[in-house]
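See structure below.
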4 protein chains.
Amino acid sequence: MLLLMARDQTRAKVHAAALLLALDANGAGPLTMEGIAARAGVSKQTVYRSWPSTGAVLFDALLARSADESGRVVVPNSGDLSSDLLALATGMIGELKDPLEEALLRALTADLQSDAVLAAQYRELLLGPQLSAISTRLSEAGVPASGDVAELFVGPIFYRWLLRTRPFDSEWVSAHVERIIRSIGR
Amino acid sequence: MLLLMARDQTRAKVHAAALLLALDANGAGPLTMEGIAARAGVSKQTVYRSWPSTGAVLFDALLARSADESGRVVVPNSGDLSSDLLALATGMIGELKDPLEEALLRALTADLQSDAVLAAQYRELLLGPQLSAISTRLSEAGVPASGDVAELFVGPIFYRWLLRTRPFDSEWVSAHVERIIRSIGR
Amino acid sequence: MLLLMARDQTRAKVHAAALLLALDANGAGPLTMEGIAARAGVSKQTVYRSWPSTGAVLFDALLARSADESGRVVVPNSGDLSSDLLALATGMIGELKDPLEEALLRALTADLQSDAVLAAQYRELLLGPQLSAISTRLSEAGVPASGDVAELFVGPIFYRWLLRTRPFDSEWVSAHVERIIRSIGR
Amino acid sequence: MLLLMARDQTRAKVHAAALLLALDANGAGPLTMEGIAARAGVSKQTVYRSWPSTGAVLFDALLARSADESGRVVVPNSGDLSSDLLALATGMIGELKDPLEEALLRALTADLQSDAVLAAQYRELLLGPQLSAISTRLSEAGVPASGDVAELFVGPIFYRWLLRTRPFDSEWVSAHVERIIRSIGR
DNA sequence: CGATAACCGAGACGGTACGTCCGGTCTTGGA
DNA sequence: TCCAAGACCGGACGTACCGTCTCGGTTATCG
């Protein structure tokens, strides 16, 4: 007979509650521990037992999604760097535009500004691997200073998204990739 | 005869208090309206009369600094685009490293994530002009899609600063400028 | 040519505002200086110049009404003590039931509990004369300890009104007067 | 093993604080929720959780005293109505003169003027029973309209106390009882 | 008639208290 | 043994009034 481990069930409920709240309360509601507990039908203490802050809950929910989901954005490697970067950028932007993902990331980004520990974890567990993957793909194409180029590639996308300067359109994406390619200089 | 410009005096006191608090309470203290009022020796209502949130105070303080200070970072125009961009990047990074400026901008950036109105003002009054100035300088040098290139220039700097991926050093800066120049393609 | 003295005009406006506010905000609204000033279309300072508290405004308004109004309840003296007391009680109760008067008196009574100066003025200028008049009428009828009897007459009316134990009806009033007459004992 | 009855303890602390504050801040201090919480060493929210206003706290404290204290003023029944009323009046006046009781009742009476709910509870739970007890005692002595006579007895005492017209002395008390007896008319 | 002072509206200001929300900790009672 | 339920202290929220103050713009007496 299977006894469901209450803890995992609880964990899932809390994650779901955090995602929902981040989604519909984006901008307005500040996403509180109390709110998450209430939405998850769980006592506050249960939430505090496992996570120290709303940011930690969000981060954990994000990690869980990464693990679950097989459809994570992955750096393609077809041999043609230009088309691979285009596909990658399109994938990243698609993810950033997904309402749930967007709400989650914006809420989390706000928390990162005032939580150094969380920020470090974010860099190590999410950002780092992503940048490394891109950097590795560039290295394989013989690009020098591949880490810096990876940042050149990702930076403007992040900048546009975070500060909402202008919406993403496909012309911009392809022009951006072309500029990256040119910047490599052979 | 002394004419007290009561309002301006108050405004200055609040600005000063916000700057100080953003400075030494960076990370730890969450910069509260109550705290600002107390530090400024001013009643809470006086703060609320003029600003709806801590973010608004910070933003206003930042604007006041921009107006006051003649030493704002300005886009140089020596005729040599490469050296001008290098000077500009160095200036921007210097500003981002200034403890006071840094504390201010980080606190403000956190607030921007959950305050759409403030975010819009920030884009229009601070970011926009900066990007425009860079874009104009690029146009004068005959660079096409100068707005996009300006973002390509600024984006990675902002990315590194916000996510603290790696510190800025002079090698990176000059390599970054070179990549930008190459990306223009002719 | 008659030049209206601005001050009296102001005084009248403030009185009117206080009466209106006491009337419709009875129970709910706590009758504030700020509210009175706003309702009177007068600056706060103008109110404070002439009265130290809301209670003082109410009291002054009440005094002004007493002076103005010729129809004040007065102790009748027809020679028949019994019918005179009945007329007096009926008049007093009628006044207490008048919505404006009632609102005014209840608001004022509440203030009296926490303002000793105001309470003393109230006793001396309003209550005292009323009790004295009744006492005098009783004396003229040869009633001993007329002051105490006056209180015996007034006390239960006030008690019923203030604590709202039961509504006044005419049977009670005449029975009350009969009891007072009997209590005199010759 | 110690089981802390947390709630009751809190309740007691709040009651004690309210009594103390009503006592020494009588007249001057307006008895605030914040003050009660501070004096009780309790958070504001804890006070608001259980009572909606200072009046409610006072009323509850008064009720608790009534329940505790065996020495409540009680209507005596020796068979001699006159001496029983005298004892009763003396007891009531003694209680009204007790500084703690007086402070409590005056503060509460002020609140009653602007809180209809509280006023109703006061009538039903404290005044009503008192008047009923007196009325019952009068009925047993064959007094007609005993409820009205009870009010005739209590009204002037309350009137003197509330408006502080004159201090109570024993001559007045016995004269008052005599007048009540005479008013019954056989 | 034009100066001069008093009065007034408007409302900023330093405060105190309001009543609410949330952060974290701790206790209790039922499963 | 675990956990929901929720009381509890603390602190910030944003608002309402308090009573004081300065500011301009009328009035209305007086030189």
Side-chain angles (χ1 to χ4, degrees), chain A residues 5-7 9-10 13 29-38 40-54, chain B residues 2-11 13-14 29-38 40-54, chain C residues 1 3-7 9-10 13-14 29-38 40-54, chain D residues 2-11 13-14 29-38 40-54:
Chain A
M5 287 184 296
R7 186 59 174 291
Q9 219 169 255
T10 300
K13 280 195 290 184
L31 192 54
T32 67
M33 291 296 259
E34 200 138 332
I36 292 173
V42 138
S43 95
K44 269 205 294 181
Q45 193 55 42
T46 299
V47 181
Y48 277 107
R49 239 192 303 275
S50 304
W51 302 274
S53 67
T54 57
Chain B
L2 266 186
L3 289 189
L4 291 185
M5 296 173 298
R7 186 66 178 292
D8 289 357
Q9 214 170 261
T10 300
R11 192 182 167 86
K13 279 195 290 184
V14 171
L31 191 55
T32 68
M33 290 294 260
E34 200 137 333
I36 292 173
V42 139
S43 97
K44 260 203 298 182
Q45 193 59 41
T46 297
V47 181
Y48 278 107
R49 228 192 313 275
S50 302
W51 302 275
S53 66
T54 56
Chain C
M1 92 221 49
L3 291 186
L4 289 185
M5 287 184 297
R7 186 61 174 289
Q9 220 170 254
T10 299
K13 280 196 290 184
V14 171
L31 193 55
T32 68
M33 290 297 259
E34 201 137 333
I36 292 173
V42 139
S43 95
K44 269 204 295 182
Q45 193 55 42
T46 300
V47 181
Y48 277 106
R49 240 191 304 275
S50 303
W51 303 274
S53 66
T54 57
Chain D
L2 266 185
L3 290 188
L4 290 185
M5 296 173 299
R7 187 66 177 292
D8 289 358
Q9 214 171 260
T10 300
R11 194 182 167 86
K13 280 195 290 185
V14 171
L31 191 54
T32 67
M33 290 294 260
E34 201 137 332
I36 292 173
V42 139
S43 98
K44 261 205 296 182
Q45 193 58 42
T46 297
V47 181
Y48 278 107
R49 226 192 313 277
S50 303
W51 302 275
S53 65
T54 55

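Within every chain, numbering begins at 1; the chains are lettered A, B, ... in the order of the sequence lines, protein sequences first and strands thereafter. Keep in mind the model is a prediction, meaning the values are calculated, not measured. Heavy atoms only: backbone and side chains are in, while hydrogens, waters and symmetry mates are out.
- Atom CH2 in B:Trp51 sits about 15 Å away from atom P in F:dG14, given to the nearest Å.
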* Per-nucleotide protein contact string for nucleotides 19-24 of chain E (B base, S sugar-phosphate only, - none; heavy atom under 4.0 Å) -> BBBSBB

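- In this structure, the CD atom of C:Gln9 is 11 Å from the P atom of F:dT27, given to the nearest Å.
- Note that OH of C:Tyr48 and OG of C:Ser43 are 11.0 Å apart. Values are rounded to the nearest 0.5 Å.
- We find that CG of D:Asp8 is positioned 14 Å from C1' of E:dT27, with the value rounded to whole Å.
- Residues satisfying the side-chain hydrogen bond (donor to acceptor under 3.5 Å, both in side chains) test with C:Lys44, not counting sequence neighbours, are C:Glu34.
- Computed from C1' positions of five pairs at each end, the angle between the two local axes of the helix from E:dC1-F:dG31 to E:dA31-F:dT1 equals 10°, rounded to 10 degrees.
- The side chain to side chain contact (heavy atoms under 4.5 Å, CB included) check on A:Ser53 picks up A:Ala56, A:Asp115, with sequence neighbours excluded.
- D:Lys13 has no side-chain polar atom (N or O) that falls below the 4.0 Å cut-off from OP1 or OP2 of F:dC8.
- Sorted by first then second residue, the salt bridge (charged side-chain N to carboxylate O under 4.0 Å, His left out) pairs that include residues 45-54 of chain C, not counting sequence neighbours, number zero.
- For C:Arg49, no side-chain nitrogen or oxygen approaches OP1 or OP2 of E:dC7 to under 4.0 Å.
- For E:dC7, the OP1/OP2 oxygens have no side-chain nitrogen or oxygen of C:Thr10 closer than 4.0 Å.
- With sequence neighbours left out, C:Thr32 forms a side-chain hydrogen bond (donor to acceptor under 3.5 Å, both in side chains) with no residue at all.
- Here C:Thr46 does not reach the OP1 or OP2 of E:dC7: none of its side-chain N or O atoms lies under 4.0 Å away.
- Across all their heavy atoms, A:Val47 and A:Met33 have their closest contact at CG1-CE, 3.8 Å.
- No side-chain heavy atom of B:Ile36 sits under 4.5 Å from any side-chain heavy atom of B:Trp51.
- Atoms CZ and OG1, from B:Arg11 and B:Thr46 in turn, are 14.0 Å apart once rounded to the nearest 0.5 Å.
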